There are 2 protein chains.
Amino acid sequence: MTFHEMNMDDLKNSLQKEGVNPSFQRLKIYEYVLKTRVHPTVDKIYSDLSKKIPTLSKTTIYNTLNLFQEKNIVAGLTIEGKKVRYDAAVKPHAHFKCTACGELYDIPVDFPVLSSDSVSGHRVTEMHFYLKGVCRSCLGVQTQV
Amino acid sequence: MTFHEMNMDDLKNSLQKEGVNPSFQRLKIYEYVLKTRVHPTVDKIYSDLSKKIPTLSKTTIYNTLNLFQEKNIVAGLTIEGKKVRYDAAVKPHAHFKCTACGELYDIPVDFPVLSSDSVSGHRVTEMHFYLKGVCRSCLGVQTQV
DNA sequence: TTCTCTGCAAACGCTTTGCACGGAT
DNA sequence: ATCCGTGCAAAGCGTTTGCAGAGAA
């Protein structure tokens, strides 16, 4: 079963399994992060979810995502200063940020390093690999000009 | 010649070569970033340099580092939200952040991917690879307890 | 009731911006 | 006189915190 096929009960069970009380807001935020392909910022989550949940506050989104991070339900990505983006914690992969359009892509990667849990004597618990450049579609636009 | 062996005239020439007017403050900041092993935050640079240059302001450090980044003289590292750290732009390497002591280490790495300039059709201009975990020396302390 | 979750408002911390002063040419 | 660099003060912006009210058990 992929994340996209999970229904509300599956999501609820997932949260409970991690020791998180599945409130309405938490479920909706969890669903959003799991089911959208984007790596949303808090602002993006807020602007999308508040359409359906008008009373939702950013504070709740921050609270919820911080809770999820503690429980390793999602991972926070820091590609650039300021804004943090969130990603459902799945198998290690790389991110590609387009400096032209700002889009963030997933890149499938499989290094030997990524499966090791120690490097230079340090114990590794998290790996982050991201690239910047100009994405395929922006390259296409450029060549058309 | 390594960075550590450069004298003030070498530094001055480096800046001029990149089209940066080598003012006193810029030179000192450049020297600091090149010659210290740490990956300093603006605060660290400020607290260290302002001992010798009491009039130095953080604004100037921000201005200078932003200028250096535009000219690709230094690279900004964003390991965690908020604070940005700065690194002299040299050959690609990975960073390891210890979640126990907060120390940031350089890790020598050499993937095939790192020498490629395109991935999945995107043109890559920057690569960032960082790990988190518990560093060698903190592991040692733990086992002594 | 009691405990947790929510969300407004205010505080916080890092960074940027506006602007005037000062130094160099 | 002009131009650019510097640095104070204030604004900006993402995030966190304080706290009171709502809701579940």
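Computed from a prediction, not measured in an experiment: that's the story for all the values here. So you know, we letter chains A, B, ... as the sequences are listed, proteins then strands, and number each from 1.
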Around atom NZ of B:Lys12, are there more than 12 heavy atoms of other residues, nucleotides or ligands at under 6.0 Å?
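Atom NZ in B:Lys12 is not crowded, with 12 or fewer foreign heavy atoms closer than 6.0 Å.
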Interatomic distance, [X] atom [atom1] to [Y] atom [atom2] [nearest 0.5 angstrom]:
X	Y	atom1	atom2	result
A:Lys28	A:Gln25	NZ	CD	10.5 Å
A:Lys17	A:Ile73	NZ	CD1	11.0 Å
A:Lys82	A:Thr41	NZ	OG1	14.0 Å

Has B:Asn66 got a side-chain N or O lying under 4.0 Å from the OP1 or OP2 atom of C:dT15?
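No, no such contact exists.
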Would you say D:dT16 has OP1 or OP2 under 4.0 Å from some side-chain N or O of A:Tyr62?
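Answer is no, no contact under 4.0 Å.
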So which protein nitrogen or oxygen atoms get under 3.5 Å of nucleotides 6-13 of chain C's nitrogens or oxygens?
from	atom 1	to	atom 2	distance (Å)
C:dT6	OP1	A:Ser23	OG	2.5
C:dT6	OP1	A:Gln25	OE1	2.9
C:dT6	O3'	A:Gln25	NE2	3.3
C:dG7	OP1	A:Thr55	O	3.0
C:dG7	OP1	A:Thr55	OG1	3.2
C:dG7	OP2	A:Thr60	OG1	2.9
C:dG7	O5'	A:Thr55	O	3.4
C:dC8	N4	A:Thr59	OG1	3.3
C:dA9	N6	A:Thr59	OG1	3.4

Tell me which pairs pass ring pair (Phe, Tyr, Trp, His ring centres under 6.0 Å) where either residue lies in residues 41-61 of chain A, with sequence neighbours left out.
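Checked against ring pair (Phe, Tyr, Trp, His ring centres under 6.0 Å) - neighbours excluded - no pair reaches residues 41-61 of chain A.
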Starting from [atom2] on [N], measure out to [atom1] on [X] and report it in whole angstrom.
X	N	atom1	atom2	value
B:Ile61	D:dC8	CD1	P	11 Å
B:Arg85	C:dT15	CZ	C1'	16 Å
A:Ile45	D:dT15	CD1	C1'	14 Å
A:Leu15	C:dT4	CG	P	18 Å
B:Leu67	C:dT15	CG	P	17 Å
A:Phe68	C:dC5	CZ	P	11 Å
B:Leu65	D:dT6	CG	P	12 Å
A:Ile79	D:dG14	CD1	P	17 Å

Worked check of side chain to side chain contact (heavy atoms under 4.5 Å, CB included) between B:Val84 and B:Leu77:
CA-CA 6 Å; B:Val84 177; B:Leu77 306 177; 5.8 Å; no
Carefully, step by step, assess A:Tyr130 and A:Phe96 under the rule ring-ring contact (aromatic ring centres under 6.0 Å, His included).
CA-CA 6 Å; A:Tyr130 67 93; A:Phe96 178 90; over 10 Å; no
CA sep, side-chain torsions, deciding dist, call: B:Ile53, B:Thr55, side chain to side chain contact (heavy atoms under 4.5 Å, CB included)
CA-CA 6 Å; B:Ile53 316 168; B:Thr55 61; 4.2 Å; yes
Do A:Tyr105 and B:His122 have ring centroids that are under 6.0 Å from one another?
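Yes.
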Please round to 10 degrees the angle between the axis of the first five pairs and the axis of the last five pairs in the helix from C:dT1-D:dA25 to C:dT25-D:dA1.
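Taking five pairs per end, the axes differ by 10°.
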